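Here's a structure for you.
For clarity, every value in this text was computed on a predicted model and none was experimentally measured. When reading the values below, keep in mind they use all heavy atoms of this one structure, side chains included, and skip hydrogens, waters and symmetry mates.
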Amino acid sequence: MARAHALAEERFIAASGPGGQNVNKVATAVQLRVNIYRLGLTPTVFHRLKALAGSRVSSSGDLIIDARRFRTQEQNRADARERLAELLKEAQIEPKKRAKSRVNRVGKVQRLKQKKSRGEVKAGRGKVTRWD
């Protein structure tokens with residue numbers, strides 16, 4: 001676990017929003033920074049993590065998680081770590097490959113027939129001309 005501290009950096013910042021005087025004087029929000037290049041992930045997991053994290057990854061490769069949901073540092077710290085663990089766990093899951101649907105000849109004929117009839121309905125919606 002000592003290695004994880006070298007990879008992650010926690011900063012306590014003043015939270016925004018309601019909270020009265022307490023929010024102005026106590027830095028309860030946590031900003032967790034983890035460099036994703038130093039995690040040693042496989043390329044596929046790395047790319048999935050990058051896609052899942054989206055704009056939370058900086059150009060230098062730092063994954064930034066802001067936790068300000070709770071009123072105490074400890075709860076926010078636990079929340080940030082939990083969210084990081086969840087993100088890493090989700091990146092490990094390989095998405096299932098989509099199997100091509102196989103349609104038999106009857107199904108193809110039905111589909112083309114429906115397309116044709118739908119097209120005729122739409123073609124009938126043209127500009128109305130006067131008959132007189």
Side-chain angles (χ1 to χ4, degrees):
M1 190 69 185
R3 202 172 139 234
H5 292 291
L7 296 174
E9 178 188 318
E10 288 178 336
R11 257 191 230 147
F12 295 102
I13 52 178
S16 59
Q21 290 300 309
N22 194 55
V23 80
N24 298 327
K25 63 185 179 185
V26 182
T28 55
V30 177
Q31 188 179 64
L32 180 64
R33 287 177 164 266
V34 180
N35 192 304
I36 60 174
Y37 294 117
R38 295 178 60 203
L39 290 177
L41 301 170
T42 61
T44 53
V45 174
F46 173 81
H47 290 297
R48 277 198 296 266
L49 176 63
K50 213 168 170 190
L52 283 168
S55 62
R56 290 180 285 185
V57 177
S58 68
S59 57
S60 62
D62 285 342
L63 170 62
I64 302 164
I65 296 175
D66 278 333
R68 53 184 73 223
R69 197 182 312 176
F70 300 104
R71 289 177 62 117
T72 65
Q73 280 186 353
E74 277 309 309
Q75 284 178 309
N76 282 329
R77 175 188 269 170
D79 183 41
R81 290 176 178 182
E82 197 174 294
R83 282 165 47 195
L84 173 64
E86 190 61 41
L87 207 56
L88 289 170
K89 196 188 304 178
E90 206 173 320
Q92 297 286 334
I93 300 168
E94 196 169 328
K96 291 179 182 169
K97 288 234 163 109
R98 184 188 169 277
K100 276 175 112 176
S101 57
R102 292 177 52 101
V103 183
N104 59 18
R105 190 175 47 81
V106 176
K108 279 184 188 176
V109 170
Q110 280 181 339
R111 182 177 58 85
L112 291 172
K113 194 171 152 188
Q114 285 175 343
K115 276 176 66 106
K116 189 74 177 163
S117 68
R118 191 75 189 137
E120 287 168 3
V121 167
K122 288 184 175 188
R125 290 184 188 154
K127 199 172 190 179
V128 177
T129 54
R130 293 185 71 178
W131 290 96
D132 48 356

Practice item. Quick one: pull up CG in L63 and CG in L49 and give me the separation to the nearest 0.5 Å. Key: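 Reported to 0.5 Å precision, the distance equals 6.0 Å.
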Practice item. Compare all side-chain heavy atoms of V45 with those of L39 and state whether any distance is below 4.5 angstrom. Key: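 They are not in contact (no side-chain heavy atoms under 4.5 Å apart), so the answer is no.
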Point to revise | Closest heavy-atom pair and its distance - V30, R77 | key: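 Residues V30 and R77, closest heavy atoms: CG2-N, 3.6 Å.
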Check your understanding: Would L87 end up clustered with I64 when hydrophobic side chains under 4.5 Å apart are linked, directly or stepwise?
Key ->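 Per the 4.5 Å side-chain linkage, L87 and I64 are not co-clustered.
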Point to revise | More than 12 heavy atoms from other groups under 6.0 Å of CZ on R125 | key: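 Yes - once you tally the heavy atoms of other residues, nucleotides and ligands closer than 6.0 Å, there are more than 12.
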Exercise for review: Using atom types as modelled and distance alone, determine if a side-chain donor or acceptor of D79 lies under 3.5 Å from a backbone N or O of R68.
Suggested key: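 Side chain of D79 to backbone of R68, a donor-acceptor pair under 3.5 Å: no, none is there.
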Exercise for review: With rounding to the nearest 0.5 Å, note down the distance linking CD in Q92 to CG in L41.
Suggested key: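 Q92 atom CD to L41 atom CG measures 6.5 Å (nearest 0.5 Å).
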Point to revise | Flag side-chain contact, heavy atom, 4.5 Å: T44 against E94 | key: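 Not touching, per the 4.5 Å side-chain cut-off.
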Review point. Which distance, rounded to the nearest 0.5 Å, do you find between the CG of N76 and the CD1 of I65?
Key: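 So the gap between those two atoms works out to 12.5 Å.
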Point to revise | Within one Ile-Leu-Val-Met-Phe-Trp-Tyr cluster: F12 and F70, side-chain cutoff 4.5 Å | key: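 In one cluster with F12: F70, no.
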**Study point:** Minimum heavy-atom distance N35-S60, with the two atoms named
**Key:**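 Heavy atoms only, the tightest pair is ND2-O, 3.7 Å.
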Exercise for review: May I ask you to test the E90-R48 pair for a side-chain heavy-atom distance under 4.5 Å?
Suggested key: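 A side-chain contact under 4.5 Å is absent here.
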**Study point:** Any donor-acceptor pair under 3.5 Å from D66 side chain to Q31 backbone
**Key:**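 Flag not set: sc D66 to bb Q31 has no pair under 3.5 Å.
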Check your understanding: Does CD belonging to E82 count more than 12 external heavy atoms closer than 6.0 Å?
Key ->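 Counting neighbours around CD of E82, 12 or fewer heavy atoms of other residues, nucleotides or ligands fall under 6.0 Å, so no.
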Exercise for review: Search all heavy atoms of L32 against all heavy atoms of E10 and return the closest pair with its distance.
Suggested key: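 Reported closest heavy-atom pair: CD1-CG, 3.5 Å.
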Point to revise | Side-chain ion pair, E86 and R83, N-O less than 4.0 Å | key: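 The answer is no: the pair does not qualify as a salt bridge.
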